[in-house]
Every structure is written in structure tokens, then in C-alpha cells.
K.L.:
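Quick one: structure below, then a few questions.
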Amino acid sequence: MASYTLFAAIDVGSYDVSLTIYEIGKTGIKTIDRLRHVIALGSDTYNTGSISYMLIDELCDVLYDFTKVMKSYDVRKYRACAGSALREAKNYLNILDRIRVKTGLDVEILSNSEQRFVMYKAVACTKGFNDLLNEGFALVDVGDGSSQISLFDSGSLVTTQNVQLGALRLYELLNNVSQTSADIVNVMEEYIDTDVDTLKHLFLKDRNVPTIVFVGDGADWIAANIVGKATTKSSISKITREDFLELYHRIYIGGLDEEKESIILPAAMIYKKIMDALEARNLVIPMVSLCDGMAAEYAKQNELYDAFEHDFDKDILGTARNISKRYSWNKEHLKQVESNALNIFDLLRKIHGLGNRERLLLRIACLLHDCGQYISMVHPADCSYNIIMSTEIIGLSHREREMIANVVKYTVKPFNWDNALDGMNEEDFLIISKLTAIIQVANTLDRGHKQKFANIKFEIEGRKLNMIARTFDDITLERNIIGDRETFFEQVYGLKPVIVLKHGR
């Protein structure tokens, strides 16, 4: 019996499509084959908003050839993902259907935050990652459609921001308005400067980051042309700022063929502008791909190999806390609501049947439940919803972000069973209702923002959820509001939330 599992990862990118086949065992993840086909899907999407049927046919032919290679290796497990080229295409549903019919492959379209998180996990698998994490660094992921800048400090993610500065998108946009190569370079530089300056002043502030990690478009080419052709996949290349600037000067003045110019030139320019904004001295290029991240996730999820030592949930929560810090002011209240909600969630595990992922969504909802007050104290629920839906949280899908936004919205707003969640499927509706019922009660217990219940215990007694509190404070406000909330909680869980007061601390 084989002691390893074969796994195939397919990345449908904006500029190329790639297949990587891995051998995954208890000792690690080994790459056994890689294939790549250049096909500029993004050129169509970024120029016209949809992908032509000629390119769709070519894509299907390439993917069908990939399936034959997978069969030759007897690969049974695979994951195929697509990014912004398909995500932003108006005809993406037709494309996915054509691929399914012609090749048998199911392609998953990743949200931007999911795609960046998978790439981040690929970086986390490399040797030396923990050392980088402890020192602090900025991860600059330049994609075809946009770029993601993530700052790490004290062992975890501090903040992450996405900007519409993608290598292929930028080249296609400016190639349409510029007549000469010199024009393209000058206009591109000015265009990038505008977004990077905004990014620095609004989000990066006065941060000086000693080390930048480059991944994404052009990174491998840059490493190979500085370190040498011996640079291989899954290795790390450390380069100096001076060596990068020397190569950048050669790129800047020309000399690239047309194919490389459309990706390498804008990518290198984005890397340089962000490096200058952060005043970084050290540069690191892990030779990893999105496919590597998919393989690591598969290995971890199926307990084939523990690819990660790092706690990624901590990074997701760190991003949420950073958003909360921007919009919320009462940290003690947020802490109290989170503690209450998690205690109730854990007590009701056998009743609600939810898992650790939903527990994470609940924690994020607790952190963001009053962010809308920053915009309006009259309509905080709707404002909270809009803030969350407009703010990317790395590691969460669009679906999960929408679930959190709805939980937060109905934390203070009455839950309308008839049309509160139009467009949601039954599973998502049930999860939202279960989490909303919990956070409503958790928030009510500190409605006055005074942490009256310093020590509170929860227990189930028959058809009651007893909330046993010790306090000398007047809890008339909390008792009255819990009465308003108990009907919805009972509808969801069949339990009546009851405050049981015991005087003392």
C-alpha cells in the first residue's frame, strides 16, 4: 500500500494556466511534475469585461490535456482554482460550465482574500518563515489583477490591504493610452505612485519594515536573474536592495521582449514603489506558487502532513481586530461580548451542531458588531453591514464575510424571518440565525458597556439557558432588554435565556 497520496493543483491565472502534481506523505510534500501554458485570459477581462469564446476553447483544450497528464500519474485528488480573470469576467458562469462539460473539471473561483491566503500559506511552508515572522516583514503579493500588501509584526498579521495594481491589468490599461514604450513606462510610474502614496498615508502610516517578501508575478524571474539560474522552486532567495535596484534599472530602460515586458516591467515597478514606501533594506523571494499553497492546504485538511506550525486563525482575527480598532472605541465591551458569546457557543455545541469555523466567524462578528456607530448612531446596523461588506478580511470567502455582516446587522436590528436574508441558501441562513441569537444575548449582557457581570456562568436547565451572574450593580436595563431578545433565542434554540442574579463578586 502506497505511503503517499498524489494530488494535483491547477491554477487558472490571468496570464497563464499551470498544473503541478505533488506526492504528499508523512515526511512532506514533493513536487513531481509541473506544466504551464501561457494564455492571457486577463487581457480580455480587463479590456472588455468578458472572455472571448476563442480563448475559452483554448483554455478548455489546455485543461483537457492536463486531465490526461493527471490520469497518466493516476491522480485521484485535485483542486482547480481561478482568480481575477474569471472572477471579474461577466461570462464566468458560462466559462465554468464549458470547462465542466468539456474536461470534467470543477474549477473554484477564489475571492481575492482567499487567493492571497492560499499564497500566504505557500510562503508559510518555506524554511525560515518563523524567523521572518518573529522579525517582522511585509508580504507583497503582486497578481495579474491586483496587489496585496500584508504587514507582520510580533509573530502575527497586523494589517493587510489590496490595491488595484495588478501587473497585467496595469499594462493593458496603460498600453491603450500610451503610444510608445517610453510613454508606457512614465505613465505607469505616475499611476503606481498615486495608489502607493494613498496606501502609505492611509494604512501603512510611518511604518518602516526591514524586510519585504516578494511573491507573485515576476518574483521568480527577478530571483533567477539576480541569484542565478540555479534558483529552484520551493527555495528561498535572499537578495540585497542594491542588487534588486541594479536589475530594476536594466528592466526600466528596456531590453525585455514583449511577452516579459507585459508582466515583468509593471510587477518590478510595483515591487520597487512599495519597497521605497516602506524603506525596506532586505528582500526575500520564496520560490512558491498558488499551487504550492493548495497542496499544503490539502495535506493539512486531510491529515496527510502537518504543513504548518503557524496559527492562521490568529491572523484572520488580527485583521478583524485591526478593522475594529479603526471603527470601535470600547475595547472592554468588545472583550466582554466575545467572552459571553464564546461561552454560550461552547455550551450549546450539541444543540447548534456548528464547528470551529463558525466559532471563528462568531468571534469576528463580536469584534465588529458596533463598528457602524462610527458612521451613524442612528442607523448603526446598516452601516456595520456596509463597512464589513466593503472591507476585505484576508482568509475569509465573500460568502463568509456576508454571513458575518448579516450577523452583525441583526445583533441590534430585529431579525425578520420573512425577508431578512434574501438570496441566502438554507445552510447559510441557519448558521446566521444561530450565531445571531448567541451574539444578541451576549451583547445584551453588557448593554450598558459597564461590564456589570465580571463573572458569569452559563448552564442549561430544562428549557432555560441560565446566565448566573454575581454583581451589586443595578441590572434593570439588562433584564428588560433580555426580555426583548428571549423570543428569538427560544425560536432558534428552544431555550429561554434567564438572568439568575446572585449578589456579590
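Along the sequence shown, residues are numbered consecutively beginning with 1.
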K.L.:
Return the OG to CG distance between Ser84 and Asn112, rounded to the nearest 0.5 Å.
P.N.:
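If we round to the nearest 0.5 Å, Ser84:OG and Asn112:CG are 8.0 Å apart.
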K.L.:
For Phe129, is there any backbone N or O sitting under 3.5 Å from a side-chain donor or acceptor partner on Thr126?
P.N.:
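Pair absent, no side-chain N/O of Thr126 close to backbone of Phe129.
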K.L.:
When you check the gap from the basic side-chain N to the acidic O, do Asp243 and Lys238 get nearer than 4.0 Å?
P.N.:
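No.
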K.L.:
Side chains of Asp144 and Arg169: closer than 4.5 Å at any heavy-atom pair?
P.N.:
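Side-chain contact under 4.5 Å: no.
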K.L.:
Check whether Asn343 reaches the backbone of Lys457 with its side chain - one donor and one acceptor, N or O, closer than 3.5 Å.
P.N.:
no
K.L.:
State whether the side chain of Asp292 and the backbone N or O of Ser289 hold a donor-acceptor pair below 3.5 Å, judged by distance alone.
P.N.:
yes
K.L.:
Give, for atom CD of Glu297 and atom CG of Asn302, the distance between the pair rounded to the nearest 0.5 Å.
P.N.:
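Between atom CD of Glu297 and atom CG of Asn302 there are 11.0 Å.
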K.L.:
Step by step, work out the salt bridge (Lys or Arg N to Asp or Glu O under 4.0 Å) result for Asp313 and Arg359.
P.N.:
CA-CA 11 Å; Asp313 284 355; Arg359 192 178 190 269; over 6 Å; no
K.L.:
Are any of the side-chain nitrogens in Glu392 or Arg116 under 4.0 Å away from the carboxylate oxygens of its partner?
P.N.:
no
K.L.:
Any side-chain to backbone donor/acceptor pair from Ser147 onto Leu165? Under 3.5 Å, distance only.
P.N.:
yes
K.L.:
Got a donor-acceptor contact below 3.5 angstrom from the Arg363 side chain to the Glu338 backbone?
P.N.:
no
K.L.:
Atom CG in Leu304, atom CD in Gln301: separation rounded to 0.5 Å?
P.N.:
10.0 Å
K.L.:
Would a distance-only check, ignoring hydrogens and angles, find a side-chain to backbone donor-acceptor pair under 3.5 Å from Glu88 to Tyr46?
P.N.:
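No, because the side chain of Glu88 does not come within donor-acceptor range (under 3.5 Å) of the backbone of Tyr46.
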K.L.:
With a 6.0 Å cut-off on ring centres, are Tyr78 and Phe66 close enough?
P.N.:
no
K.L.:
How long is the gap from CE on Met188 to CG on Leu170, to the nearest 0.5 Å?
P.N.:
5.0 Å
K.L.:
Answer yes when Asp276 and Lys200 have at least one side-chain N-carboxylate O distance shorter than 4.0 Å, and no when they do not.
P.N.:
no
K.L.:
Within 45° of the six-membered ring axis of Phe312 and under 6.0 Å from that ring's centre, is NZ or CZ of Lys121 located there?
P.N.:
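Cation-pi check for Lys121 and Phe312: passes.
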K.L.:
Indicate yes or no: does Lys434 engage Glu358 in a salt bridge with an N to O separation below 4.0 Å.
P.N.:
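Glu358 and Lys434: not salt-bridged.
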K.L.:
Once rounded to the nearest 0.5 Å, what's the spacing between atom NZ of Lys77 and atom CD1 of Ile24?
P.N.:
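Result: 12.0 Å between the selected atoms.
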K.L.:
Are the aromatic ring centres of Tyr271 and Phe244 under 6.0 angstrom apart?
P.N.:
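Distance test on ring centres: not under 6.0 Å, no.
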K.L.:
Could you tell me how the ring of His352 sits relative to the ring of Tyr493: parallel (under 30°), tilted (30 to 60°) or perpendicular (over 60°)?
P.N.:
perpendicular
K.L.:
Please confirm whether the backbone N or O of Gly42 pairs with a side-chain atom of Thr45, one donor and one acceptor, at under 3.5 Å?
P.N.:
no
K.L.:
Does Leu110 offer a backbone N or O that forms a donor-acceptor pair with the side chain of Arg87 under 3.5 Å?
P.N.:
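Yes, the answer is positive, given that a donor and an acceptor are paired below the 3.5 Å cut-off.
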K.L.:
Closer than 3.5 angstrom, by distance alone: can the side chain of Arg401 be matched with the main-chain N or O of Met389 as a donor-acceptor pair?
P.N.:
yes
